Amino acid sequence: MAAPPAMTRSPHGNGRPSPFRRRLLVTGVLATVLAWMAGLAWFTRDAMRPPARPPHVDGIVALTGGQGRIDESLRLLAQGDADRLLISGVDLHATLADFLRHQPQPTPLALWMRTTLGHSATSTLGNADETAAWVRAYHIRSLVVVTAGYHIRRAMMEIARTVPDVRLYGYPIQSPALQHLLHPATIRLMVTEYDKWLLACLDVARLTRPLHGLINHTDTRPGAPPVMG
């Protein structure tokens, strides 16, 4: 009976990757980290850009959750840059009277007659859906989105997905947190928002929305009285 053929062993038969593969893996990881860091730097710089006055539009949507958003939205409405205003994501029990009491300056009643409070949104996806319903109700064809600079790209992306035929203009509000870029809280905020934007680019949130709704019941709206600005 013939002897079985001799088994040839790989020079790296111990299961470890070859030096070339290890170098390739390390290079890939480093390139990914450097690309992520470069993207974060761009995202932070983009979040700090000042807003430009938009052209006249049919409507404005202000997303609650940060300083300056509501005030700037009312100012744009008052100077005739839009016909209507939606304040999205307010507390369930908040009323226009609550907003009137907390505004730093008296707001003409005529402006409030053109203002709608949205109570259903508890997230950016909710803001997008609430905006879409309002857009359809008032036949809005052009819209200014007012939110924080670090949130503007993700918000506009999600809103554009719900109202693809509406022209959108971003109006970023500069967050006070960005005045201290090296503060740990600011770094944490920018990393979180950047990663959320990357996931939004992949549309991960909407793909996982049914599961997210089952396991996450956190209401992210400001409590009553609502946070002004």
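Not measured: the values here are computed from a predicted model. Both backbone and side-chain heavy atoms feed into the values below; hydrogens, waters and symmetry mates do not.
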Separation between CG (N127) and NE2 (H151), nearest 0.5 Å, reads 6.5 Å
How long is the span from the CG atom in L63 to the CD1 atom in I152, to the nearest 0.5 Å? 7.5 Å
Are L34 and L198 connected in the hydrophobic side-chain network, where two residues link if heavy atoms are under 4.5 Å apart? no
Is it the case that one hydrophobic cluster holds both L189 and I173, taking links as side-chain heavy atoms less than 4.5 Å apart, direct or via other members? no
Got a sec, which residues hit side chain to side chain donor-acceptor pair (under 3.5 Å) with Y194, two or more places apart in sequence or on another chain? none
Would you name the heavy atoms of L182 and I187 that are closest together and state the gap between them? O-CD1, 3.7 Å
Closest non-hydrogen atoms of R161 and P164, given as atom of the first, atom of the second and distance, are O-CD, 4.0 Å
Can you find a pair of side-chain heavy atoms, one from I70 and one from I87, that are under 4.5 Å apart? yes
Non-neighbouring partners of R154 that pass side chain to side chain donor-acceptor pair (under 3.5 Å), sequence neighbours left out: T124, E193
How many angstroms lie between OG1 in T64 and CG in D91, if you round to the nearest 0.5 Å? 9.5 Å
Is there a path of hydrophobic side-chain contacts, each under 4.5 Å between heavy atoms of I, L, V, M, F, W or Y residues, that connects L86 with M156? yes
Quick one: side chain to side chain contact (heavy atoms under 4.5 Å, CB included) partners of M190, sequence neighbours excluded? L40, F43, T44, A47, Y150, L178, T186
Tell me whether L168 shares a hydrophobic cluster with W197, the cluster being built from Ile, Leu, Val, Met, Phe, Trp, Tyr side chains joined at under 4.5 Å. no
Listed by chain and number, what are the salt bridge (Lys or Arg N to Asp or Glu O under 4.0 Å) partners of R49, not counting sequence neighbours? D46
Partner set under side chain to side chain donor-acceptor pair (under 3.5 Å) for W36, not counting sequence neighbours: D195
If I take atom CG from residue L117 and atom CD from residue E130, how far apart are they, to the nearest 0.5 angstrom? 9.5 Å
Among residues two or more places apart or on two chains, list those pairs meeting side chain to side chain donor-acceptor pair (under 3.5 Å) that have a residue in residues 51-61. R53-D81, H56-D83
Heavy-atom distance under 4.5 Å between the side chains of L25 and R21, does that happen here? no
Tell me who clusters with L30, hydrophobic residues only, linked when side chains sit under 4.5 Å apart either directly or through other members. V26
Is R69 close to T147 at the side-chain level, that is, under 4.5 Å between some pair of heavy atoms? yes
Main-chain N/O of P176 paired to Q67 side chain as donor or acceptor, under 3.5 Å: no
For A121 versus S88, what's the shortest heavy-atom pair and its separation? CB-OG, 3.7 Å
Partners meeting salt bridge (Lys or Arg N to Asp or Glu O under 4.0 Å) with R75 (sequence neighbours left out): E72
Interatomic distance, CD1@I60 vs OG@S142, rounded to 0.5 Å, equals 10.0 Å
Sorted by chain and number, sequence neighbours left out, side chain to side chain donor-acceptor pair (under 3.5 Å) with Q174 holds for none
For the CD atom of Q179 and the CE atom of M48, what is their distance to the nearest 0.5 Å? 9.0 Å
Indicate if M157 and V146 have the same hydrophobic cluster label, given that clusters are the connected sets of ILVMFWY residues with side-chain heavy-atom separations under 4.5 angstrom. no
Do you know which two heavy atoms are closest between W134 and L85, and how far apart they sit? CZ2-C, 3.7 Å
Listing request: all ring pair (Phe, Tyr, Trp, His ring centres under 6.0 Å) pairs with a residue in residues 164-193, at least two apart in sequence or in separate chains. none
So, using salt bridge (Lys or Arg N to Asp or Glu O under 4.0 Å) as the criterion, who are the partners of R84 when residues are at least two apart? none
Residues two or more places apart in sequence or in another chain: which of them pass side chain to side chain contact (heavy atoms under 4.5 Å, CB included) with A52? none
Verdict with supporting geometry, T131 and T162, side-chain contact (heavy atoms from CB on, under 4.5 Å): CA-CA 8 Å; T131 300; T162 61; 5.6 Å; no
Please tell me if the side chains of P54 and L76 come closer than 4.5 Å, counting only heavy atoms from C-beta onward. yes
